[in-house]
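What follows is one structure encoded as structure tokens, with my remarks underneath.
Per chain, numbering begins at 1; letters A, B, ... match sequence-line order. Quick note: numbers below take in every heavy atom, side chains included, and nothing from hydrogens, waters or symmetry partners.
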Amino acid sequence: MKRENIIEVKDLTKKFGNFTANDKLTFSVRKGEVFGFLGANGAGKTTAIKILCGLSKPTSGDISVVGYDVYTQPEEIKKNIGYMSQKFSLYEDLTTAENFRFFGGIYGLKKAEIKQKTSFYLQQLDMENARDKIIQSVPLGWKQKLAFSIAVMHEPDIVFLDEPTSGVDPITRRQFWDMIYNTAREGITVFLTTHYMDEAEYCERVTILVDGRIEALDTPMALKKQFGGSSMEEVFVKLARKKLTVDG
Amino acid sequence: MRNISYIIQKEFIQLFRNHVMLRIIILMPVIQLFILAYAATFEIKKIRLVVVDQDHSVTSRDLTAHFQGSPFYKAGKHYDSYKIAENDIIHGSADQILIIPAGFEKDLNREGFSQVQVVTDAINGSAASLMSAYSLAIIRDFNERILLQEKNIQFGQPIKIQYSYWYNPRLDYINFMVPGILVLLVTLIGMFLSSMALVREKEIGTIEQINVSPIRKYQFIIGKLLPFWVVALADLAFGLILAKLAFNIPIVGSIGLIFLMAMVYLLVMQGIGLLLSTITNTQQQAMFLSWFILVVLILMSGLFTPIESMPHWAQVLTWFNPIAYFIETMRMIMLKGSGFMDVMKSFLILSTLSIFILSLAIWRYRKVV
């Protein structure tokens, strides 16, 4: 089955002075896919995701997201994507419901829609008793799930998740992945970054980034076959080590 | 427009949930008015005078009594030696020394004139000139009496000056200070809170979530500024009520005009705060920079020292100082009852400044880095 591409990236390069954070990345993401960016800290995952979201300007390359060009139509892109940053980004001094209302509001949702969505997600997350709690008093794992719900409440075409599960306990991570799959089933493309190797196994396709370059891109199954590893962890270690020996 | 209302709502919730901030907003006008209005005065009372009377005569005692009878002077110590008196000034326990040399009375009676010396601690220049003026006035008074009593001569003054002080007939220092202090009040709220509110979002990372949304720059900025604009105006109203009730400061002019000017003025100061928040990354940096700029603007605003006495280059700088315009306007409206035509020039300049600075700030604010 051939699915259309929702993100197309050709030769994306981002330089900060002399440092090249992203070096000629070329890849495409299909509609409805769960697409993973795997890499160590500092491999350039966050830089790339910020460029795709229109938060940061690329140095060069052709990039289109949801059919819009990142250079000329960043505001169009923003209407059609959701984003959950690495740094936790709900308002700590607002309640759960107030966070839903604020973010729903700035994405232009109607009052009734905001109300209905808030109830829907709180029910789904089994967090109705946290509706009027100040976010500060809510445990981290819950916050992450709320942040994810808020990132998709305006029904974007793509949701970008930047290390959504870092610092979260295993049970919550499990639940988080259920949410990711549910979202993908609804037709929302999920683009995520992670440094957890086991999470890479859950993605439909994985890109392995090493020092700002794409070292491999395929389904987890194919990658394991190609590099002769029994898990994504082995594949990753092999690629990272290969890189080390080449450098050394 | 609806987007903006959500931002405004959020800012108000955050502000009212921040009890420390809320208390400061309410307490600030009270503290500023009560303490500053009474403490920040140029009048000098209870000057600590040390008398070195080497003459020990009736006349010298009479002169000393003149000083001590003045409400501005506190009965001080008497020494025989100038050296000891000098020590008191060195150690800061005296402000002025009156030296009456030996033979003072004799010279006065025999020669018709005599001399005294007054030494003033002039570390604080303006206080020193006031103290000198007080001592001169007392000595002149004393001279007139001698001439009248002993020689029966009316002190000859072909031209007598009749003083008449307009707009502040009793030269009340508080009347002069309070309008300026109200300006400081709205300035602090307008400039600081606006800049903090934006930088805080940068610091905690929520700004990314805003920048990745389709909200427009001007919508976000209006949503950010409007709440503090309203809060500052409410605080001004509170301050004016306090000024009227607690200090009985005359508000001769129109309250509406005061608010009209404040509305425009606040936009300028909020624009400056916003501009600072776009070029800083932490609240600490923003706070430091705001203070630096604010201190310069206040010192050059005519709040404490008259602009007319500044050197020319400094006067030129005040043409660009929004605080100077607003303080002048506030004093004119509150004390003089000036109408719109009188303050129109300030109104136009502040409007121009506000458009310029806000455009600059919106342009400087980047959704994309």
Side-chain angles (χ1 to χ4, degrees), chain A residues 14 16 46-47 49-58 65 68 70-71 73-95 97-111 114 134-136 147 150-151 153-154 156 158-160 162, chain B residues 1-23 25 193 196-228 278 281-283 362-369:
Chain A
K14 175 75 178 182
F16 296 104
T46 300
T47 307
I49 216 170
K50 280 190 178 168
I51 288 171
L52 295 177
C53 291
L55 283 174
S56 171
K57 278 240 182 301
V65 178
Y68 298 105
V70 295
Y71 296 98
Q73 300 162 298
E75 296 305 311
E76 291 303 316
I77 293 176
K78 284 172 184 175
K79 279 180 200 159
N80 296 293
I81 61 167
Y83 171 68
M84 178 179 163
S85 79
Q86 190 174 13
K87 216 168 162 185
F88 176 75
S89 51
L90 296 181
Y91 288 96
E92 294 268 335
D93 49 356
L94 296 185
T95 66
E98 284 162 354
N99 267 290
F100 272 104
R101 185 174 63 195
F102 174 70
F103 285 108
I106 65 170
Y107 275 96
L109 264 58
K110 296 204 170 55
K111 241 187 189 142
I114 293 173
I134 302 280
I135 289 291
Q136 212 162 20
I150 284 173
M153 80 184 282
H154 61 286
I158 314 175
V159 61
F160 291 91
D162 193 6
Chain B
M1 269 303 142
R2 274 190 49 244
N3 299 6
I4 300 178
S5 70
Y6 283 102
I7 301 172
I8 294 171
Q9 182 183 40
K10 171 201 144 244
E11 292 297 325
F12 271 121
I13 293 174
Q14 288 182 309
L15 183 66
F16 284 112
R17 211 159 270 168
N18 189 338
H19 294 293
V20 177
M21 196 72 101
L22 207 59
R23 249 174 262 157
I25 289 172
L193 291 191
M196 292 303 121
L198 197 100
V199 179
R200 198 185 56 210
E201 300 232 10
K202 276 194 191 175
E203 221 171 50
I204 57 182
T206 44
I207 194 86
E208 269 198 350
Q209 216 63 46
I210 300 282
N211 287 345
V212 83
S213 78
I215 196 146
R216 304 241 162 230
K217 286 203 280 189
Y218 78 89
Q219 293 176 325
F220 180 60
I221 283 172
I222 292 174
K224 270 279 168 194
L225 294 189
L226 200 71
F228 298 109
T278 61
N281 291 313
T282 63
Q283 295 188 65
I362 292 178
W363 171 77
R364 241 327 266 155
Y365 172 70
R366 296 279 145 86
K367 281 182 84 178
V368 180
V369 279

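- Looking at A/Ile114, the atoms closer than 4.5 Å to chain B (heavy atoms on both sides) all sit in the side chain, from C-beta outward.
- Proximity to chain A (any heavy atom under 4.5 Å) is shown, for B/Ile7, by both the backbone and the side chain.
- If you measure heavy-atom distances from A/Ile77 to chain B, you find no contacts under 4.5 Å at all.
- Residues A/Ser89 and B/Gly205 come closest through the heavy atom pair CB-O, 4.0 Å.
- When every heavy atom of A/Tyr107 is checked against every heavy atom of B/Ser213, the shortest pair comes out as OH-CA, 3.5 Å.
- Only the backbone of A/Leu90 comes within contact range of chain B, judged by heavy atoms closer than 4.5 Å.
- Residue B/Lys10 comes nearest to A/Leu94 through the heavy atom pair CG-CD1, 3.8 Å, listed as atom of the first residue, atom of the second, then distance.
- Closest non-hydrogen pair, A/Asp93 versus B/Arg17, comes out as O-NH1, 2.9 Å.
- When each of B/Gln209, B/Glu201, B/Gln14 is checked for a side-chain hydrogen bond (donor to acceptor under 3.5 Å, both in side chains) with A/Tyr91, only B/Glu201 meets the rule.
- Heavy-atom pairs under 4.5 Å with chain A peak, among B/Ile4, B/Val212, B/Ile215, B/Ile210, at B/Val212.
- Of the atoms belonging to A/Phe160, not a single heavy atom falls under 4.5 Å from chain B.
- Residues A/Glu98 and B/Ile13 have side chains in contact (heavy-atom distance under 4.5 Å, counting atoms from C-beta outward).
- Looking at A/Lys50 and B/Glu208, a side-chain N of the basic residue comes within less than 4.0 Å of a carboxylate O on the acidic one, giving a salt bridge.
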